[in-house]
J.: 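For reference, the structure I am asking about is given below.
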There are 2 protein chains.
Amino acid sequence: MPDVKHFDPDAALEQVMRLFWERGADVTGIADVVQATGLSRSSLYATFGGKERLQAAALGRYLERRSRPVFDALAADRRGLPAIASFFEQLVAARCTGEHARWGCLVTNTHTGAGRELPEVRQVLDAHHAELRAAMRAALTVAAGLGQVRPGLDADAAAETLALLAYGVNLRSRAGADPGDLLAGVRAVLDGFARTVTETATEPVTDTVTEER
Amino acid sequence: MPDVKHFDPDAALEQVMRLFWERGADVTGIADVVQATGLSRSSLYATFGGKERLQAAALGRYLERRSRPVFDALAADRRGLPAIASFFEQLVAARCTGEHARWGCLVTNTHTGAGRELPEVRQVLDAHHAELRAAMRAALTVAAGLGQVRPGLDADAAAETLALLAYGVNLRSRAGADPGDLLAGVRAVLDGFARTVTETATEPVTDTVTEER
DNA sequence: TCTATCTTGGAATAGTCGTTCCAAGTTAGG
DNA sequence: CCTAACTTGGAACGACTATTCCAAGATAGA
């Protein structure tokens, strides 16, 4: 029987993902990957193939390990509009403070990069958008059932709105946007989706967002 | 007296801007710039300096020639919410069809690129955001004066929302998003900002957006 | 322990990157 | 026409790019 790998491919891919996430895949060289992972070029190419396949794998890992769990939590949250508000609060906090501050979102960042034309990458981009929108839609449906939402709201359109808003937050956070501004922008949208003007004015569903500022 | 330039620097910068816009500055080499402009490396460096300064110049030109005129038109538009709806209709159309389809927005694209840390570039990014938000705010103020907007709407927050939404549209359009989805997302926001639920349901301010689909 | 089979480190590949340099060409005032 | 001042084409630079290759090392069944 042959030799086995002297490293953990899963841990290596995790480091590659973080490297591409923080710096951007386009401007990160294989030499950087070698240094960050401690692997040799041979092991890297034998395990992951070339850079394009490595980028696709790292992007797929980001969707599975980073995005999807949050999307699933949102879709499973039974609170309605507060669930969406909570999602954005955590998003802004993660994008503007802590370990990954100003890293943005790897999927969002990839939209403008060179690898966006690769089929494997494009597929992840579209899947990310579909899953984000579906999670938003699910939360909006719950909100509608709880009577939190204004009559006549198009849940599909509103879900698309919130997805686009999340991309905007991700994008601007990478340029060092003020978290207060981002949260204010989120609050204005959710207030617009809420049941009536007076209700949201006296007791807004997004009170927690305001408190975060 | 010395020799004069054998080319038009303004026209050359225009071509560079379009090149960076379509392909991305990071993945566009000086060789590509030389080929696209027809200039020699000597003339290029003598006129614009290195690549970083060239990128900053191209980005500044984009803001001045592409973004600002549209922002100014929005800020000067006295229609209120229809002015904002019209802005987004033109945006989606420009991003998804015609000459610059799937190019996105150069400023939006630059948010995720390598040059985003350069002071000159960062300055343009922030200026772009400030001007976009100010234009949105101006249109919202007009809308409030015309009684088109729901009571209690925070114009600053709503302006931030619309700016973030525009970034989302720009980003997703570069990945080939469906223009109908984008317009639906825009419509949902504007309906939420409009005066009352019943009014926007029977006669939405964003009717023209709906018709575009 | 032997050996087939895989992994590993690191050299080497051809190509591209941004940038610099210089001789040759071009201009316009004197 | 002369010449100072500038522009231009194109070669050349070292540093980097992704990728390939191979000898040496490691492994586990026979």
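Just so it is clear: chains get the letters A, B, ... in the order the sequence lines come, proteins before strands, and each one is counted from 1. The structure presented is a predicted model; accordingly, all values stated were derived computationally and were not measured.
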J.: With Arg41(A), which residues qualify under side chain to side chain donor-acceptor pair (under 3.5 Å), at least two apart?
T.: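 Arg41(A) satisfies side chain to side chain donor-acceptor pair (under 3.5 Å) with no residue once adjacent residues are dropped.
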J.: Mind checking whether Trp21(A) and Trp103(A) have parallel, tilted or perpendicular rings, split at 30° and 60°?
T.: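 Because their plane-to-plane angle is over 60°, the rings of Trp21(A) and Trp103(A) count as perpendicular.
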J.: Summarise how protein sits on nucleotides 8-20 of chain C as a single string, 5' to 3': B when a protein heavy atom is under 4.0 Å from the base, S for sugar-phosphate-only contact, - for no contact.
T.: BBBB------SBB
J.: Can you tell me how far apart CD (Gln15(A)) and OG1 (Thr37(A)) are? Round to the nearest 0.5 Å.
T.: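 Those atoms lie 6.5 Å apart.
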J.: Residues two or more places apart in sequence or in another chain: which of them pass side chain to side chain donor-acceptor pair (under 3.5 Å) with Arg23(B)?
T.: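 Side chain to side chain donor-acceptor pair (under 3.5 Å) list for Arg23(B), sorted by chain: empty.
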J.: Check each of Arg137(B), Arg78(B), Gln148(B), Arg79(B) against Val142(B) using the side-chain contact (heavy atoms from CB on, under 4.5 Å) test, and report the only one that passes.
T.: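 Output: one option passes, namely Arg78(B).
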